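Here is how names work: the chains are called A, B, and so on, in the same order as the sequence lines, proteins then strands, and each is numbered from 1. Remember, predicted model here, so these are calculated numbers, not experimental data.
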2 protein chains.
Amino acid sequence: MCHWYTMRPSELLLLLYCTMAKKGVSLNERQLIEKGHLYYLRHISIDNVIFGFHDNELKVLLLEWKESGRWCLPGGFILKDESVEDAAIRILQSRTGLRDIYLNQFYTFGDPHRDRGNHGIQQPKWMKTKSWFMERFITIGYWALVDFSQVVPKPDEFSASCAWWDVDKVPELILDHNAILAKALQSLRSNLNEYPVGKDLLSQKFTMPELQRLYETILGKALDRRNFQKKILAMDLVDRLGERKTGGAHKAPYLYRFNQRKYERAMKQGLKFGMH
Amino acid sequence: MCHWYTMRPSELLLLLYCTMAKKGVSLNERQLIEKGHLYYLRHISIDNVIFGFHDNELKVLLLEWKESGRWCLPGGFILKDESVEDAAIRILQSRTGLRDIYLNQFYTFGDPHRDRGNHGIQQPKWMKTKSWFMERFITIGYWALVDFSQVVPKPDEFSASCAWWDVDKVPELILDHNAILAKALQSLRSNLNEYPVGKDLLSQKFTMPELQRLYETILGKALDRRNFQKKILAMDLVDRLGERKTGGAHKAPYLYRFNQRKYERAMKQGLKFGMH
């Protein structure tokens, strides 16, 4: 048992900061580089690959670094008393404003040369000793599927902007972030059979062509229209609504919606979707 | 560029130890607890779930701790200049004597209370300050499939013995190792469709009932004999040999062997096996 009045001042400060960090208040850039190792675990970081779907394109949320203008995945560190899972959720929330999002841990990247110095990033000149920030980091990768229309992208303390990029137009990222993105996509693909991605990535109501386009984008190949529709309806997870989508040039397609009850039952039973 | 004659004595010692460790020479128990943090990354470990198959049972390799007599998964730490993958391979080799084994990283476990003190393990009394060994560890899990008959189990510096256990008879393990084993089994199951496990777990020549029993043990359910044989032959990865297995009470079953050429082609193409 440990009471706050029996703690040393340094422990009290740690407790105070950890509580603040969990509520979304974080150290500024200078504090993080100088003192971050007092609050966070050394050598371990998290990188989140956040996927969205908009205008028939699969998108990923990226941050632009202030100094170099180079782009990277949104990431962060693990507080000394925080679970890895909670840290990933906190980082996701602070970049997107979203809560209750399913995060999927897909791989941990551990190249011995995974440090900023080896990738052309210098520590600020005002720091005289080597910062923990420049040490080797092993990073744990998570992917999340989010509703594009609900996200308010927010840069972190190191970045000038936060924006969506088409997955197939992503530029050269810092460190090994392109490889992390590629591995996340591969994991997403192999999860397609066990997890109906449409539920998270599309708006509540969607058309069959929109759902098909989503699967095609993730799989990177065209699918047969009739066969796709047959498989989706065989899953028995979506309901066709009475309404049709209006505004298109062609014949207005029907709108569909995931059936929450059937969806939850299928998730529990681990239904196989057999989409690829 | 860095030459050994420009190094400080502490760096030279680090280099020397890392070279030794990679060749299989490791610190003794006392040195590891006192000085391990000079050579290994803090807060990060590796745990290997090593599966074998013998006497129609799926088995897992476990270590018995010297002091408590409790059992655990074989694990270890990551040298400061070593990749996570290389560390996992080094740990596997030092426990089994095997080389060229496929290791599959399946999950990273990051509960904030994952430290030895929280799980009833005290540091030795001779150590006056808190050892790095008692700090919180995030552990990266790998599973491997090995040929039971080729393994020479070897305890590490903390353990009195190293032995195979039937997967369904594993006792209560230290820390969260039972949960790690359960997650490894789950990952192995979901990989059955993409990876023909028989190649690694069975002897070179095997019978169809042996292969079926292996799949049944991993899946934890009975499979239909004719249907199983049909699916396996449809994969076109095994050749039926002219010989039959002798010594059984029943009609001697045919022996089969994986076809190396077809197997490698299938692995490259990512064939689906559809076994469950």
Side-chain angles (χ1 to χ4, degrees), chain A residues 2 14 18 22 37 39-47 77-90 103-115 118 132 135-142 176 183 186-187 189-195 219 270-276, chain B residues 14 18 22 37 39-47 77-90 103-115 117-118 132 135-142 176 183 186-187 189-195 219 270-276:
Chain A
C2 176
L14 174 62
C18 290
K22 283 173 196 164
H37 61 284
Y39 312 108
Y40 296 108
L41 294 178
R42 278 176 113 125
H43 299 299
I44 312 176
S45 61
I46 283 176
D47 281 298
F77 308 103
I78 302 157
L79 291 166
K80 290 191 174 179
D81 70 344
E82 185 183 41
S83 80
V84 170
E85 192 84 0
D86 285 345
I89 293 170
R90 174 173 54 75
L103 273 160
N104 188 330
Q105 190 199 105
F106 64 96
Y107 201 75
T108 296
F109 299 82
D111 187 276
H113 308 296
R114 253 198 122 269
D115 63 63
N118 266 321
W132 73 296
E135 290 172 347
R136 170 183 176 188
F137 275 87
I138 288 176
T139 200
I140 306 170
Y142 283 84
D176 54 354
K183 189 99 181 172
Q186 189 190 324
S187 162
R189 271 181 209 127
S190 66
N191 268 265
L192 269 191
N193 276 345
E194 325 216 349
Y195 189 78
L219 290 171
L271 193 70
K272 298 286 158 189
F273 299 106
M275 196 47 69
H276 63 120
Chain B
L14 175 62
C18 290
K22 283 173 197 164
H37 60 283
Y39 311 110
Y40 295 108
L41 294 179
R42 278 179 112 125
H43 299 298
I44 312 176
S45 61
I46 285 177
D47 281 297
F77 307 103
I78 302 156
L79 291 165
K80 290 192 173 177
D81 69 344
E82 184 182 40
S83 80
V84 171
E85 193 85 0
D86 285 346
I89 293 170
R90 174 173 53 75
L103 272 161
N104 188 331
Q105 190 199 105
F106 65 95
Y107 201 74
T108 296
F109 300 81
D111 186 277
H113 308 295
R114 253 196 122 270
D115 63 64
N118 267 319
W132 73 296
E135 289 172 349
R136 170 183 175 188
F137 274 86
I138 289 175
T139 200
I140 307 170
Y142 284 84
D176 54 353
K183 189 99 180 170
Q186 189 190 325
S187 163
R189 270 180 209 130
S190 66
N191 267 267
L192 270 190
N193 277 344
E194 327 216 347
Y195 189 78
L219 291 171
L271 193 68
K272 299 284 157 190
F273 299 106
M275 196 46 69
H276 64 118

Tell me, for A:Phe106 versus chain B, whether the close heavy atoms (under 4.5 Å) come from the side chain, the backbone, both or neither.
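Contact with chain B is absent: no heavy atom of A:Phe106 under 4.5 Å.
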Against chain A, work out which of B:Ile140, B:Asp86, B:Ile44, B:Leu79 has the most heavy-atom pairs shorter than 4.5 Å and name it.
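Between B:Ile140, B:Asp86, B:Ile44, B:Leu79, the count favours B:Ile44.
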Whether A:Gln105 side chain and B:Thr108 backbone form a donor-acceptor pair below 3.5 Å
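Flag set: sc A:Gln105 to bb B:Thr108 pair under 3.5 Å.
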Taking ring-ring contact (aromatic ring centres under 6.0 Å, His included) as the test, write out the residues that go with B:Phe137, two or more places apart.
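ring-ring contact (aromatic ring centres under 6.0 Å, His included) check on B:Phe137 returns B:Phe77, B:Trp132.
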Mind checking the NE2-CZ spacing from B:His37 to A:Arg42? Nearest 0.5 Å is all I need.
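Answer for the NE2-CZ pair, B:His37 versus A:Arg42, is 11.0 Å.
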At a heavy-atom distance under 4.5 Å, which candidate from A:His43, A:His113, A:Arg114, A:Glu85 has the highest pair count against chain B?
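Of the candidates given, the most pairs with chain B belong to A:His43.
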Is A:Ile78 close to B:Arg136 at the side-chain level, that is, under 4.5 Å between some pair of heavy atoms?
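They are in side-chain contact.
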Would you say the side chain of A:Leu41 lies within less than 4.5 Å of the side chain of B:Ile138, judging by non-hydrogen atoms?
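B:Ile138 reaches A:Leu41 side chain to side chain.
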Who are the salt bridge (Lys or Arg N to Asp or Glu O under 4.0 Å) partners of B:Arg90, not counting sequence neighbours?
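B:Glu82.
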